[in-house]
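The sequence lines fix the lettering, A, B, ..., with proteins before strands; numbering per chain opens at 1. All values derive from a computational prediction rather than experimental measurement.
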There are 2 protein chains.
Amino acid sequence: MPVRPSPESHEALVARMLAGVRASGLKLTRQREAIVHELAGDETHPTAQALFERLLVRLPGVSFATVYNTLDALSSAGLCASLSLAPGAARFDPNMGAHHHAVCDECGTVLDVPTRDGASERASAGGPPGFTVRAIERVYRGVCAACRARPRRSARS
Amino acid sequence: MPVRPSPESHEALVARMLAGVRASGLKLTRQREAIVHELAGDETHPTAQALFERLLVRLPGVSFATVYNTLDALSSAGLCASLSLAPGAARFDPNMGAHHHAVCDECGTVLDVPTRDGASERASAGGPPGFTVRAIERVYRGVCAACRARPRRSARS
DNA sequence: ATGAGTGCAAATGCTTTGCATCCTG
DNA sequence: CAGGATGCAAAGCATTTGCACTCAT
């Protein structure tokens, strides 16, 4: 396996997500299939808007609300993650494996950061009294390579 | 003294923030003084809206835009933190010391989590190639005590 | 006085919703 | 065939901005 192994091939990921859609009692429509296919192959953590625009190519006429609602349904079903790590639009991540994120303060881009060891996270659970910890996330804040080369940009998608 | 000692007294924090305002070349207006005073005494990580409403009591007629712009100026000057850890409104934190946050998935509430050791964070720097890490943040995701007692709520402020 | 700050309102952008129609299961 | 899903448009919030006026420096 590669150094940073994709947990699954694109096809396998699509198949597993589609299976998850049905397993969750959600209906499998042409739109949802296209959305899942598009998201599964996207490692850029796209916003709903970005995914929508890419989707228009393969599914002309699809509604933005449908994309939005479907992404919400997918994340609610635990089939993808909805990330709100920076101001502006939420970003969606098809990778449900354990990993962290690096967020660019300049452009809002989100990059994956592989987990080195699951141990430290589990060990440090706890949080405030009465607070039930579901997950511990590590966020790397900084400036991405592109923005470093080209200073001063908006922090939006 | 309280169980969880504030690093500084309210008054000291206010004084340091006001000094910072002037040191940053920002003008010290009645509105800004009130905003700083209000924020410095608030450990609930209020949204701009929440702070604005509380502020209306002591400074009737203050404009929401002013509160908003001032919070932006303060965080840009490094005098407070602007947190975007959940969907919805940004939250503001007067505590600039090293600490982490616990975010309730149900109601969006943000709680402070003291840092146990600064070592682990620094050691794990790095992030994606070409990415300049400025800070590493740990976010505890879960459900707060209040929401645990009263299930099913909106995730907004 | 000079220009940053303020208040007001309107504009943007992201997200959500109502409703009539369509289509999966 | 029933209820969920879609498309469209409009409504809701969060955030930002333009502009005339005020005030801190």
I'd like to know if B:Asp105 pairs up with B:Arg141 as an ion pair, taking the criterion as any Lys NZ or Arg NE/NH1/NH2 lying under 4.0 Å from an Asp or Glu carboxylate oxygen. no
When rounded to whole Å, the CZ to P distance for the pair B:Phe52 and D:dT15 reads 14 Å
In whole angstroms, how far is the C1' atom of D:dT16 from the CD atom of B:Gln49? 15 Å
Measure the distance from CG on B:Leu56 to P on C:dG7 and round it to the nearest whole Å. 10 Å
For residues 20-35 of chain B, tabulate all N or O donor-acceptor pairs below 3.5 Å that involve a side-chain atom, not counting sequence neighbours.
| residue | atom | partner | partner atom | Å |
| --- | --- | --- | --- | --- |
| B:Ser24 | OG | B:Gly20 | O | 2.8 |
| B:Thr29 | OG1 | B:Arg32 | N | 3.1 |
| B:Arg32 | NH1 | B:Lys27 | O | 3.0 |

Please report, rounded to the nearest Å, how far the P atom of D:dG4 is from the CZ atom of A:Arg32. 11 Å
B:Arg91 CZ to D:dT15 P, straight-line distance once rounded to whole Å: 11 Å
For D:dG7 and A:Gln31 - does any side-chain N or O of the residue sit under 4.0 Å from the phosphate oxygens OP1/OP2? yes
From CG of B:Leu59 across to C1' of C:dG7 the rounded distance in Å is 12 Å
Rounded to whole angstroms, how far apart are CG on A:Leu71 and C1' on C:dT15? 12 Å
Figure out the CG/P separation between B:Leu51 and D:dA14, and round it to whole Å. 14 Å
Once you apply a heavy-atom cut-off of 4.0 Å, does A:Ala48 come out as touching a base, just sugar-phosphate, or nothing? nothing
Shortest side-chain distance from A:Ser63, nucleotide among C:dT17, C:dT6, D:dC8: D:dC8
Tell me whether the side-chain N/O atoms of B:Thr66 come closer than 4.0 Å to OP1 or OP2 in C:dG7. yes
What is the nucleic acid contact for A:Asn69, judged by heavy atoms within less than 4.0 Å: base, sugar-phosphate only, or nothing? base
For the residue pair A:Thr132 and B:Arg148, confirm or rule out a side-chain donor-acceptor distance under 3.5 Å. yes
Any A:Thr70 side-chain nitrogen or oxygen under 4.0 Å from OP1 or OP2 of D:dT6: yes
Does a side-chain N-to-carboxylate-O contact under 4.0 Å join A:Arg58 and A:Glu38? yes
Side chains of A:Val139 and A:Val103, heavy atoms from C-beta outward: is any pair under 4.5 Å? yes
If the cut-off is 4.0 Å, is A:Tyr68 near the phosphate of C:dT16, judged by side-chain N/O to OP1 or OP2? yes
Quick one: sort the B:Tyr140 and B:His100 rings into parallel, tilted or perpendicular, breaks at 30° and 60°. tilted
Short N/O separations, protein against nucleotides 22-25 of chain D, under 3.5 angstrom:
| residue | atom | partner | partner atom | Å |
| --- | --- | --- | --- | --- |
| D:dT25 | OP1 | B:Leu28 | N | 3.4 |

With sugar-phosphate meaning primed atoms plus P, OP1 and OP2, does B:Gly61 contact a base, only sugar-phosphate, or nothing at under 4.0 Å between heavy atoms? sugar-phosphate
Out of C:dT15, C:dT17, D:dA14, minimum distance to the side chain of A:Ala65 belongs to C:dT17
Measure the acute angle between the ring planes of B:Phe52 and B:Phe64, then classify it against the limits of 30° and 60° as parallel, tilted or perpendicular. perpendicular
